[in-house]
Number of protein chains: 2
Amino acid sequence: MAARSAAAQSPDPLIVEPQPWAQGLGDGVDVTPYGLPIRFEQDVVRRNVPWLTADTISSINFTPIHALDGTITPQGCAFERHHSGAIELSKQDYRLMVNGLVDRPLVFTYADLERFPRENHVYFCECAANSGMEWAGAQLNGAQFTHGMIHNMEYTGVPLRLLLEEAGYDPAGKWVYVEGADASSNGRSIPMDKALDDVLVAFKANGEALRKEHGYPVRLVVPGWEGNLWVKWLRRIEVTDAPVESREETSKYTDTLADGSSRKWTWAMDAKSVITAPSPQSPVPHEAGPLVITGLAWSGRGAITRVDVSTDGGASWQTARLAQKGTPMALSRFYLDVQWDGTEMLLQSRAMDDTGYVQPTKTQLRAVRGLNSVYHNNGIQTWWLHADGSVENVEVS
Amino acid sequence: MAARSAAAQSPDPLIVEPQPWAQGLGDGVDVTPYGLPIRFEQDVVRRNVPWLTADTISSINFTPIHALDGTITPQGCAFERHHSGAIELSKQDYRLMVNGLVDRPLVFTYADLERFPRENHVYFCECAANSGMEWAGAQLNGAQFTHGMIHNMEYTGVPLRLLLEEAGYDPAGKWVYVEGADASSNGRSIPMDKALDDVLVAFKANGEALRKEHGYPVRLVVPGWEGNLWVKWLRRIEVTDAPVESREETSKYTDTLADGSSRKWTWAMDAKSVITAPSPQSPVPHEAGPLVITGLAWSGRGAITRVDVSTDGGASWQTARLAQKGTPMALSRFYLDVQWDGTEMLLQSRAMDDTGYVQPTKTQLRAVRGLNSVYHNNGIQTWWLHADGSVENVEVS
């Protein structure tokens, strides 16, 4: 086994010479009322792919999942997607209308929302287009870009059910239509069963106020379902008897099949996983010996129960260690601690959830869905680890 | 019951006039590679109490718990305490020595640490001096200042046990002495049983690298035990047969009793709670009617099982709702949803953990510990909510 450490008697100047940082005083507490990452971590940021959308206003960036560990995503580097830019809307100016098939159309201020019972849950939010470029084969060289349209935060909010009850929703109301206060309005229809089940009208993420780019002061949280439904700067909830069939749920966020027809109402994000390290942006910096393989797994239909890892492109599998018992609609972190022999590996992971679903290969997905899709690609990802420690995005058949 | 909302037909200009933020484009994704809170939240920051220590180098600031919800503390506003300032130490320059009663004294680089199996856990970190000023009576008018020397994050790190095993610790080694790379070194002795149990050598918090002020790149995580043991910029771990009895565990971080003798080795933080809203910095902004009372509870000896809330200064108690099942040595969020009659209340909370321990009153604590203590004040806090919604820090006998 290769060494993971040097002997303490090594003439390493960082050990035997006085350490400069121990010779004087550091920063006082007044330096950082609100702290930012240290300058050495300046590359661990959201990144966009400039050619992906027409300009940055209608665009998206990606969480640096290749550089993170654990499961919580800090708001500062959690991916953001918006259709007409991130707007600035104060709590004082905030209004939320509940109308349509209700006994009492209502308008809530932010202060009103704070008077309803709150819940806390950790949930992932994944853009339906996450990994979308990979339908056409291995395209983007980095986990941040192939799988980084996801984040996982602890939300605090009011169950949407309570607001619908306050307004007195009509039993004829089978859907809610939700829209944001930004110019795009990003309107989406959600079945009433889901609206009454676990949807939150959220105002905090990871304990603090939502960031501007995540919908400050209020966004919708739709556990397990595609991120486009998680309407930011939430302005209006209309109870309707039928779906609106808006732009965002017809020409967009539907899945065109091989025959040209489109699947719609494909809201839930199926079980998926990705190895975050080693990965193209997180190469192996050492020689053969102990190596930690780690990644993320999630399911929009329940809790992750198991993740398998292959080092030979899917020919054989080992069950990875889950850092914690999986919880519904939240990221799970997995680890596989291996002795690397220093030769190339084809790394894959496959997730399983408590419905019994097993993450499919890209080949299996394409056999059912064809090649016309953009959204809902949950196929198994392959990273080719070379002997020099570098990693490439590849496909195996 | 007072209204929690206005009728939708209200002539509120924010509803009936075009909303300016819906008329144009907001920020693109290139604006915030790493995001910060929106400017409206600029008061939700760490604050210090200038007179508490001689200068800001040897000082502390406080988490704005009065303005947060949920349980996770963002690193950016998580309290920090250091004894000679926050130092800047790169991963490249980082070294960790394990020496003393070991078969093989070793030095680990940061890259070495990344090759050991990792764990993830959410734990609170509380300064032993949290609420320390309150021994002398109600002193500080705000939950941030009375109880804000606490944060709660998801840590990723290597069990200390694995590093001790790698070095081959001697069975005669009953303690470890841990020290930091800053000028203060902040050396502390930890019993070997604890070191082998759940202590982590951590490099990530809430998924990302530790912040400079939290010990970047590596700090110790000592679940449930006082924050001073959570050595930042961790430099050395020496296996010893006896405690070192350093400055930080003799003249400091001991509890002087009424007779002048001092308790020492009082590492575990006993069960404690505080109502974060309403509180002096989070007054009630509305009239009588629905009111959410919320707060935090924690125990360094296990999981929170129950929190009771009193609105009459401890004469009667109601069991609050825990947002999630308590987990060991982590913050729990509690809520009590009440109909406020608009008159004054004396708000208190008391925590219970899975050892059966019940948080004591300040009077009970003082009967046992006297008035000479600075540390380990876990007494029940009282907030006096006035009819106008303002809140004061008071004591009830």
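Each chain gets a letter, A, B and so on, in the order the sequences are listed, and its residues count up from 1.
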Engineer: Chain A heavy atoms under 4.5 Å from B:Arg321: which part of the residue, side chain, backbone, both or neither?
Structural biologist: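 Only the side chain of B:Arg321 comes within 4.5 Å of chain A.
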
Engineer: Between B:Glu154 and A:Ile72, which heavy-atom pair has the shortest distance, and what is it?
Structural biologist: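 The answer is OE1-N, 2.9 Å.
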
Engineer: Thinking salt bridges, do A:Lys91 and B:Glu41 make one under a 4.0 Å N-O criterion?
Structural biologist: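 Salt bridge: yes.
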
Engineer: Taking all heavy atoms of A:Asp27 and all of B:His82, pick out the closest pair and write down the distance.
Structural biologist: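 For A:Asp27 and B:His82, the tightest heavy-atom pair comes out as O-CE1, 3.3 Å.
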
Engineer: Where on B:His83 is there a heavy atom nearer than 4.5 Å to chain A: the side chain, the backbone, both, or neither?
Structural biologist: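 Nothing of B:His83, per the 4.5 Å heavy-atom cut-off to chain A.
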
Engineer: Is it the side chain or the backbone of B:Ser90 that comes within 4.5 Å of chain A heavy atoms, both, or neither?
Structural biologist: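 When you check distances to chain A, atoms from both the backbone and side chain of B:Ser90 fall under 4.5 Å.
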
Engineer: Could you tell me whether the side chain of A:Glu208 and the main chain of B:Leu68 form a donor-acceptor pair under 3.5 Å?
Structural biologist: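 Side chain of A:Glu208 to backbone of B:Leu68: no pair is present.
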
Engineer: Heavy-atom pairs under 4.5 Å with chain B are the metric here; pick the option from A:Gly26, A:Ala209, A:Pro74, A:Gly24 that has the most.
Structural biologist: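 With the most close heavy-atom pairs to chain B, the winner is A:Gly26.
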
Engineer: So, B:Asn120 versus A:Tyr335: side-chain donor-acceptor pair below 3.5 Å or not?
Structural biologist: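 A:Tyr335 and B:Asn120 do have a side-chain donor-acceptor pair below 3.5 Å.
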
Engineer: Would you say B:Arg115's side chain and A:Leu291's backbone share a donor-acceptor pair under 3.5 angstrom?
Structural biologist: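 Between the backbone of A:Leu291 and the side chain of B:Arg115 there is no qualifying donor-acceptor contact (under 3.5 Å).
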
Engineer: Hey, which of B:Leu96, B:Thr73, B:Val292 has the most heavy atom pairs under 4.5 Å with chain A?
Structural biologist: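 Most heavy-atom pairs under 4.5 Å with chain A: B:Val292.
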
Engineer: If you count heavy-atom pairs under 4.5 Å between each of B:Asn48, B:Ile87, B:Asp69, B:Thr156 and chain A, which one has the most?
Structural biologist: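 Going by pairs under 4.5 Å, I would pick B:Asp69.
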
Engineer: Could you check whether B:Arg235 and A:Gln19, counting side-chain N and O atoms only, form a donor-acceptor pair closer than 3.5 Å?
Structural biologist: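 Side-chain D/A pair, A:Gln19 to B:Arg235: present.
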
Engineer: Checking B:Glu80 against chain A: side chain, backbone, both or neither under 4.5 Å from a heavy atom?
Structural biologist: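 For B:Glu80, heavy atoms of backbone and side chain both lie under 4.5 Å from chain A.
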
Engineer: At a heavy-atom separation under 4.5 Å, does B:Ile60 approach chain A through its side chain, its backbone, both, or neither?
Structural biologist: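 Contact with chain A: backbone only.
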
Engineer: Give me the atom names and distance for the closest heavy-atom approach of B:Arg46 to A:Thr32.
Structural biologist: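 The pair with the smallest heavy-atom distance is NH2-O, 2.8 Å.
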
Engineer: Below 4.5 Å from any heavy atom of chain A, which atoms of B:Arg236 appear? Answer side chain, backbone, both or neither.
Structural biologist: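 For B:Arg236, neither part sits under 4.5 Å from chain A.
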
Engineer: What distance do B:Tyr216 atom OH and A:Phe40 atom CZ have between them, rounded to the nearest 0.5 Å?
Structural biologist: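 Answer for the OH-CZ pair, B:Tyr216 versus A:Phe40, is 6.5 Å.
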
Engineer: Taking all atoms of both residues into account, what is the closest heavy-atom pair of A:Glu213 and B:Gly35, and its distance?
Structural biologist: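 So the minimum-distance heavy-atom pair works out to OE2-CA, 3.7 Å.
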
Engineer: Side chain from CB out, backbone as N, CA, C, O: work out which of these in B:Ala181 comes under 4.5 Å of a heavy atom of chain A, or both, or neither.
Structural biologist: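 B:Ala181 touches chain A through backbone and side-chain heavy atoms alike.
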
Engineer: Return the minimal non-hydrogen interatomic distance between B:Arg95 and A:Leu14, and the atom names on each side.
Structural biologist: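 Scanning both residues completely, I find the closest heavy atoms to be NH2-CD1, 3.2 Å.
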
Engineer: Flag the one option from B:His214, B:His286, B:Arg104, B:Gln23 with the top tally of heavy-atom pairs under 4.5 Å to chain A.
Structural biologist: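 The option with the most such pairs is B:His286.
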
Engineer: Where on B:Thr294 is there a heavy atom nearer than 4.5 Å to chain A: the side chain, the backbone, both, or neither?
Structural biologist: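 Looking at B:Thr294, just its side chain touches chain A.
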
Engineer: When you compare the side chains of A:Gln42 and B:Tyr34, does any donor N or O come within less than 3.5 Å of an acceptor on the partner?
Structural biologist: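 No, B:Tyr34 and A:Gln42 have no side-chain donor paired with an acceptor closer than 3.5 Å.
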
